[in-house]
Amino acid sequence: MMARNSNQQSDNNRAIEEALGAVPRTAWRFLSGSPMDGKPRTDATWTHRGTRTEREDGRQAHRWDYLARLERAGFRWAGSAAVGGTGYAYSQDPTVTLECLQAGGFTAGSAATAWVGYRLMDGAVTWRHQRDWVWPLHVALREKLGYPEGTKPDWYIHVPVNYDQITGDAIRIDLPADFAGEDTVKSLVKTVVTNKLALQDVTFSWQIEGKSHHVVVKQSPRPPSKVLFCDPEVKKIVEGMPESAPLIGLSHRGRVVSVDLDAESPHVLVSAGTGGGKSVILRAIFAQLLHNGAIGAVLDRKRHSHKWVRGLSGVGYHREIEDIHDALVALGEEGERRNRIVDAWEGDEGEAPVGPRMAILLEEANATIGKLKRYWASVRKTKSDEEGPADPKESPAIDALGEILFMGRAVKMHVLMVAQSATANALGGPEMRENFATRILARYTRNAWNMLVPEVQPAPKSTRHTGRAQVVLGGVANETQVIFFTPEEARAWAEAGRPVTTSQGHTTPAHLGHDTANVTAEAVTEPLPAIPAQGRGPQLREDAEGFKQDMEALFSEGPTEATEAAEDTDVPVTLKMAVDQGIVSLSLASLRKEANDKNRRKEFPASVGIDAKTRGKLYRPSELKRWERNRPKAGQVAETAENED
């Protein structure tokens, strides 16, 4: 019992001795700025702040631990002096001391409230910027720079909210003290920063000497704030553009942005929110094409988007939905005519004598496509009768538009389409949307970008700067300030261009025999001219029937031998005529059996019309020959039927 008490007393004595010994050690740590537990968490020294963590778990230390020891000691001394001075003052004059404490507390509380309010407001303004841009950059960059887990993005990443609109030193990335500047690491950092922040044309300035290591990302001058056609330098650029490549605008460092309709993309899609300048963009492209000798068709359900083109020679302007429907059908027939010419042409497809370039401007595709569907549903014949079979469910106008989009650049028919929300359903199907290799987006949402150009990531920040757009071609986005034509300038430029030719030749300056015309300053500032008696070419009527007749007359003049050969050898025939003329070797009964709707396979050609005399279906001879040439033999047919069963 006595031994047990003796041991307990010894333990108590040792504890007291250890506690007495810890007092000066704790006081020294407190006053010298050392960690209170004696375990350093960073590489901070007496005079230099820490640059890396020394925690055993590898996580980021607190900001307090990165301060130099003298800085921490100063804060502790100041705190101790404040507490000690307050206690001494209270012992001398409690009333005055309490009043001072109340005033100081009110001041400190007000300052804290203001600071919290600022932080909350700043967070409300920048949280989306931090989520969409800073945090993804931090996730991709932290390990590459060697920062430990737990490092906060705002400790070393400094990206202003409007960084995409700042020229010069807009972005700064602080580097760890042990960053040695290896070329491989620099290359990785460049790639990550450029891709994650969707930057274009930037330079990196590295500062790795001394103790303040960082890299500054400097942006080159942004696209010009305005690109006006009335500017002599801009007009000179427009005059120098190739016939097939109208100017869209200027990008960084004044770089020209255009699309070659012959070599790169035959069709252009413009998608923009309200006020994004959709009509302005297409006005610029359309006016340049007309200036270079193209003929045009404007399908404007809004009725007022392009008043500047009304009455212009060589351009049909269609506003009523029935006129738009019939105009598209007529354009589809014209595209088919051109397609047959290209098919029969033995030379370079780009030189096929299809006729002058044709630009089709389709405004507000979202509303127009829907109205075309409803219009066709209201007028189509749903049952067969003596006058012919029932009409197809698919609108022939939408079908014609799809055919034009699929025909490609050889037929020189180009669709310039405007859509506020270019969904697949709005454009008639996803396959139709895929024909637009060039896509121009302005004031877009993230959903719109991911829908139209998902291959370009991350999506550049959308801006509300007037006339600013992203021109995407070949998987590359080019920030562009679009060229601005006033309506008067656009009309004057179109009128002053090369005249429309009705020959079947290729529409180039060499073939037309005309040089690029110059437009004077007076010409582009005067009011809209009256409709000329003789202008760029024949006047295209706006009513549906008149437009069809004008189209037929325009391309019926002076056919070449290739055109005549193509048309003579592919005149639609009935099945009986195909057998009588030896186009196919099958008997008439066998051919009719193959063409019967119940037995007809998808390989058998579709009819292209009804013969007015016999009421029999018409087929193209070339398609019948191709079908017979590729027709499975009897054994193959039986094997196919067996596989289908």
Side-chain angles (χ1 to χ4, degrees), residues 328-347 349 352-355 384 388-413 429 431-432 435 504 551-552 555 559-634 636-637 640-641:
L328 278 173
V329 173
L331 290 169
E333 294 173 355
E334 166 59 16
E336 181 61 26
R337 184 196 70 84
R338 294 186 177 209
N339 213 29
R340 293 200 303 273
I341 293 175
V342 175
D343 184 52
W345 183 254
E346 296 183 356
E349 289 186 354
V354 296
S384 301
D391 292 328
K393 291 184 178 180
E394 179 70 23
S395 167
I398 298 177
D399 186 58
L401 176 61
E403 290 296 325
I404 295 172
L405 292 174
F406 281 109
M407 284 177 187
R409 57 182 64 88
V411 299
K412 298 198 178 300
M413 296 182 71
E431 64 281 356
M432 292 179 68
N435 287 285
Q504 300 295 315
M551 290 291 294
E552 293 173 358
F555 298 104
T560 62
E561 294 182 2
T563 305
E564 293 176 346
E567 293 180 349
D568 288 344
T569 58
D570 211 25
V571 176
V573 297
T574 63
L575 296 180
K576 186 176 185 307
M577 294 168 62
V579 174
D580 294 342
Q581 296 176 15
I583 296 174
V584 294
S585 59
L586 277 72
S587 65
L588 180 58
S590 300
L591 193 59
R592 285 177 173 171
K593 182 178 179 181
E594 292 285 351
N596 187 279
D597 291 339
K598 294 183 179 180
N599 303 324
R600 181 176 174 272
R601 295 176 179 274
K602 62 180 181 179
E603 295 85 2
F604 193 84
S607 64
V608 296
I610 302 294
D611 184 62
K613 295 181 180 180
T614 65
R615 307 306 299 171
K617 292 182 179 180
L618 294 173
Y619 300 86
R620 297 200 181 281
S622 60
E623 296 179 355
L624 290 173
K625 289 180 180 179
R626 187 183 302 110
W627 167 78
E628 185 179 25
R629 189 166 55 249
N630 299 324
R631 177 171 172 262
K633 306 303 179 184
Q636 294 175 327
V637 173
T640 303

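In this chain, residues are counted from 1 in sequence order. This one's a predicted model, so the numbers in the text were calculated from it and none came from an experiment.
Between atom CZ of residue R592 and atom OG1 of residue T574 there is a gap of 8.5 Å, rounded to the nearest 0.5 Å. Rounded to the nearest 0.5 Å, atoms CG (L575) and OG (S607) are 9.5 Å apart. Between atom OG of residue S622 and atom CG of residue D343 there is a gap of 7.0 Å, rounded to the nearest 0.5 Å. With rounding to the nearest 0.5 angstrom, the CD atom of E623 is 12.5 Å from the NZ atom of K625. Of the inter-residue distances, the one linking L328 atom CG with E334 atom CD reads 13.5 Å to the nearest 0.5 angstrom.
Contact between L624 and F604 at its shortest, heavy atoms only, is CD2-CZ, 4.2 Å. Of all heavy-atom pairs between L618 and P572, the closest is CB-CB, 3.9 Å. Taking all atoms of both residues into account, the shortest heavy-atom contact from G332 to I404 is N-CD1, 4.0 Å. Residues M413 and L331 come closest through the heavy atom pair CE-O, 3.5 Å. Across all non-hydrogen atoms, the minimal contact from W345 to P353 is CE3-CD, 3.2 Å.
Side-chain atoms of E628 come within 3.5 Å of backbone N or O of S585 as a donor-acceptor pair.
A heavy-atom distance below 4.5 Å is found between the side chains of I610 and K617. Between M407 and R338, the closest side-chain pair of non-hydrogen atoms is not below 4.5 Å. Contact of the L401 side chain with the F406 side chain is not registered, since no non-hydrogen atoms from C-beta on lie closer than 4.5 Å. Annotation: side chain of V579 is not in contact with side chain of L586 (no heavy-atom distance under 4.5 Å).
Note on R337 versus E333: no salt bridge recorded, every NZ/NE/NH1/NH2 to OD/OE distance being 4.0 Å or above.
Partners of Q581 by side chain to side chain contact (heavy atoms under 4.5 Å, CB included), not counting sequence neighbours, listed by chain and number: V573, M577, I583. For D391, there are no side chain to side chain donor-acceptor pair (under 3.5 Å) partners two or more places apart in sequence or in a different chain.
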